[in-house]
2 protein chains.
Amino acid sequence: MSSIPVTPLSTATHAMGERPLRADAQRNREAILAAAEAEFQAYGADACIDGIAERAGVGVGTVYRNYATKDELMRAIMKAHVEPMLAAARASLEDADAGAAFLTFLHQIASESCSFKALADTLAGAGLDIDSAKQEMVGELMGLVREMFARGQAAGTLRRDVTAEDVSALMQGLSHTVNVCEDDRQVARCVDLICDALRTPQAARPA
Amino acid sequence: MSSIPVTPLSTATHAMGERPLRADAQRNREAILAAAEAEFQAYGADACIDGIAERAGVGVGTVYRNYATKDELMRAIMKAHVEPMLAAARASLEDADAGAAFLTFLHQIASESCSFKALADTLAGAGLDIDSAKQEMVGELMGLVREMFARGQAAGTLRRDVTAEDVSALMQGLSHTVNVCEDDRQVARCVDLICDALRTPQAARPA
DNA sequence: TACTATACGGAACGGAGGTTCCGCTTGTCA
DNA sequence: TGACAAGCGGAACCTCCGTTCCGTATAGTA
């Protein structure tokens, strides 16, 4: 399962015209970002600000000076993880083998969720009340999934009696599975099973 | 999808030797049970004691006089829902068509989870830190699932390259799906898809 | 009807976690 | 090196929820 490289989080400190951050502030900002990344990776949406601050070696006030809310911080980091997934999805829409491309993408997204719990949490909560920015990211991803799935159906690889909503529901369930399984290989097997379910009998992989 | 009848919650008030409850206390106890059932059904594990007390028309103190903790209350109600599932599972172990029996059971458990969110929450959280009593209930259910699955494999209906752990992981994901989908029929379709994935090619249902 | 054990309501408590505030520190620049 | 804006830490605050406590009400009984 190939994993998608995450673009490094931007540490740019000021747009043109704005004054540059003081050197210590700049160091702290980077430490906070790194700490938040680690905490969200480990605890998903349950990561707490105190933990992030402690890991970064700063006070909570310093965290809030850089990011107005916990949500804003999480979103900044989520974006760095979702953006490459979107790019991968768009690329996969060009793939000649539409069905295979879709199934590969399912594996990628699961793999990425395994190594970054906050992504799994966000995907799993897509139907619940998550903030609008995350809703938007997930919405765009799901839109691409819908397109990919339709292409796979047209190509005859994916079942026509399954709707994009079904796939979305299964993906949300899968995201929860990620948070429950301690073994990533088991998650991969579950994804395999769901892929099997989505293939047409003609396209079924040999047993 | 046939649903399993839930045994009415016991309203027995005192074992022999103990003094009977006062009439008003007895009425309240019943009101609390009914209110808790409704709240857990609607909100799952997120139901809060204040809401239950308000719905029952009593103060929170009265709730706690009957059930020492929220967990104890939830467990009392969960038990009434899980017990018939266990009975159904045991019965299905006698079924001549082992594979079909297992798949039917999957549908039953999903259907029950749809109409009682607390069950979905408990199943979905089986791998997380839920209290020991719930762990026990889920454990017993999963034990039976394991048996049923093995029987279906032996009968040639269910794939041999899938483990009981895989099934358990998928079921936990499915439980989350229940909490995210507003449409129960969509949940049923997802269960169908997973059932398809679990069948051997020979046993595959006609498209 | 009067007495009392039983039961009640709901204010108050406690802990968790997000957020704010403000007195103190420090990097920067002249 | 002195002045000061920028930045810092972390105590305090707020809200939410489960839980406890105690003064008050009342069902049951003589």
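The basis for the numbers below is simple: all heavy atoms, side chains too, and nothing from hydrogens, waters or symmetry mates. Note that the coordinates shown come from a computational prediction; the quantities given were computed from them, not determined experimentally. So you know, we letter chains A, B, ... as the sequences are listed, proteins then strands, and number each from 1.
Rounded to whole Å, atom C1' of D/dC17 lies 15 Å from atom OH of B/Tyr43. Going from atom CD1 of B/Ile32 over to atom C1' of C/dA7 covers 11 Å, rounded to whole Å. When rounded to the nearest whole Å, the span between CD1 of A/Ile49 and C1' of D/dG9 equals 15 Å. Atom CZ in B/Arg22 sits roughly 5 Å away from atom C1' in C/dT6 (whole-Å rounding). One atom, NZ of A/Lys70, and another, C1' of C/dT20, lie 17 Å apart when rounded to the nearest Å. We find that CG of A/Leu73 is positioned 16 Å from P of C/dG17, with the value rounded to whole Å. Going from atom OH of A/Tyr64 over to atom P of C/dC22 covers 18 Å, rounded to whole Å. One atom, CG of A/Asn28, and another, P of C/dG27, lie 11 Å apart when rounded to the nearest Å.
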A/Val178 and A/Lys117: CA distance, side-chain angles, deciding distance, side chain to side chain contact (heavy atoms under 4.5 Å, CB included) verdict: CA-CA 8 Å; A/Val178 166; A/Lys117 279 191 147 216; 5.6 Å; no
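Residues from residues 50-59 of chain A placing a heavy atom under 4.0 Å of any atom in DNA chain D, listed by number, are A/Gly57, A/Val58, A/Gly59.
Side-chain contact between A/Asn28 and A/Arg65: absent, with no pair of heavy atoms (C-beta onward) separated by less than 4.5 Å.
Between B/Phe149 and the options B/Arg151, B/Arg146, B/Gln153, a side chain to side chain contact (heavy atoms under 4.5 Å, CB included) holds for only B/Gln153. When the options B/Glu140, B/Glu147, B/Glu83 are evaluated for a salt bridge (Lys or Arg N to Asp or Glu O under 4.0 Å) with B/Arg90, the one that passes is B/Glu140. Among the candidates B/Val82, B/Val138, B/Leu174, the single residue satisfying the side chain to side chain contact (heavy atoms under 4.5 Å, CB included) test with B/Leu123 is B/Val138.
Comparing A/Thr62 and B/Gly61 along DNA chain D, the residue whose closest nucleotide (by nearest heavy atom) sits nearer the 5' end is A/Thr62. In terms of position on DNA chain D, the residue among B/Val60 and B/Asp24 whose nearest nucleotide sits closer to the 5' end is B/Val60.
Side-chain N/O atoms of B/Arg65 and base N/O atoms of C/dA7 include no donor-acceptor pair closer than 3.5 Å.
Every side-chain hydrogen bond (donor to acceptor under 3.5 Å, both in side chains) that B/Thr163 has, sequence neighbours left out, goes to B/Asp166.
Between A/Arg75 and A/Glu136, none of the side-chain N atoms (NZ, or NE/NH1/NH2) sits under 4.0 Å from a carboxylate O, so this pair counts as no salt bridge.
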